[in-house]
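Just below is one structure, and these are the notes that go with it.
One-based numbering, in listed order, for ligands and for the atoms of each. Predicted model only: the values in this text are computed from it and were never measured. Just so you know, residue 1 is the first one in the sequence shown, and it goes up from there.
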Amino acid sequence: MDEEREGLEVTACERCPALVESRSRIVDGTGPEDADVLFVGEGPGAEEDAQGEPFVGRSGSVLDETLRTVGLDRETVRIANCVRCRPPENRDPTTEELANCRGYLEREIELLDPDVIVALGKVPSEHLLGRSVAVTKEAGTVEEVRIDGTPRRVLICLHPAATLYDRSQTGTFERTLTTAAELAGVSGAESGQTRLGEF
Ligand code: URA
């Protein structure tokens with residue numbers, strides 16, 4: 001058997017030959033298994049592959065900092081990816097790879113039953129909503145969609161890296177995470193000032 005699961009962890013999987021080749025490890029979601037907010041990124045990058053945790057590189061720093069700004073905390077949210085293995089040269093996951101990993105993501109969503117799923121960037125937004133998404137235009141929009149038969153609230157969000165390429169996107173990213181905090185019933189978001197600092 002080449003596949004094993006334990007709770008929300010995937011301890012072994014060989015469905016995607018190219019990713020089995022490129023990964024050093026499977027990167028499972030992190031955070032409490034009863035979190036109200038689930039963040040979903042695209043797939044592990046180099047740092048995530050090295051450390052075995054999602055969003056621990058530069059994008060992760062932006063995410064962590066903005067979470068704090070809006071009154072959330074990395075320790076209280078769950079963070080996962082559409083695919084759990086690093087694609088070669090950080091290319092986008094293929095349709096087949098996304099499909100191969102879909103069951104793991106659906107199980108994560110089902111067990112967590114979050115108040116809101118925050119789709120970080122184009123790939124997770126389109127994967128979860130099943131349509132093409134213009135993320136820059138639609139960031140901050142909440143859409144209800146059936147995932148594995150259950151209605152779920154998906155919040156379209158920029159990928160944190162977008163704020164590194166274009167600092168003018170920082171406000172949009174922060175406002176979207178404020179919406180996530182509100183949907184999860186978390187108050188205490190600091191208004192106005194960003195604390196992203198220099199990256
Ligand atoms: N980008 C992603 O989409 N996921 C990660 O885990 C890190 C960077």
Select the closest option to atom 5 (C) of ligand 1 among Gly43, Gly41, Pro160, Ser59, judged by heavy-atom distance.
Gly43
Should you measure from each heavy atom of Glu42, which atoms of ligand 1 turn up under 4.0 Å away?
2 (C), 3 (O)
Tyr104 six-ring centre to Arg15 NZ/CZ under 6.0 Å and within 45° of normal:
yes
Consider side-chain contact (heavy atoms from CB on, under 4.5 Å). Of Leu72, Asp73, Thr76, which one does Leu67 pass it with?
Leu72
hydrophobic_cluster_shared for Phe55 and Leu8, side chain cutoff 4.5 Å
no
Which residue pairs pass the salt bridge (Lys or Arg N to Asp or Glu O under 4.0 Å) test with at least one member in residues 107-119, sequence neighbours excluded?
Arg78-Glu108, Arg84-Glu108, Asp113-Arg152
Subset of ligand 1 atoms that lie under 4.0 Å from at least one heavy atom of Asn81
2 (C), 3 (O), 4 (N), 5 (C), 6 (O)
Are the side chains of Val154 and Ser125 in touch, meaning some heavy atoms are under 4.5 Å apart?
no
Checking the side chain of Glu48 only, and the main-chain atoms of Gly45 only, is there a donor and an acceptor separated by less than 3.5 Å?
yes
For atom 8 (C) of ligand 1, the protein heavy atom that lies nearest, with its residue and separation:
Phe55 CE2, 3.6 Å
Location of contacts on Glu47 toward ligand 1, heavy atoms closer than 4.0 Å
neither
Would you say His159 touches ligand 1, if touching means a heavy atom closer than 4.0 Å?
yes
Counting each atom of ligand 1 from 1 as listed, which ones have a heavy atom of Pro54 under 4.0 Å away?
6 (O)
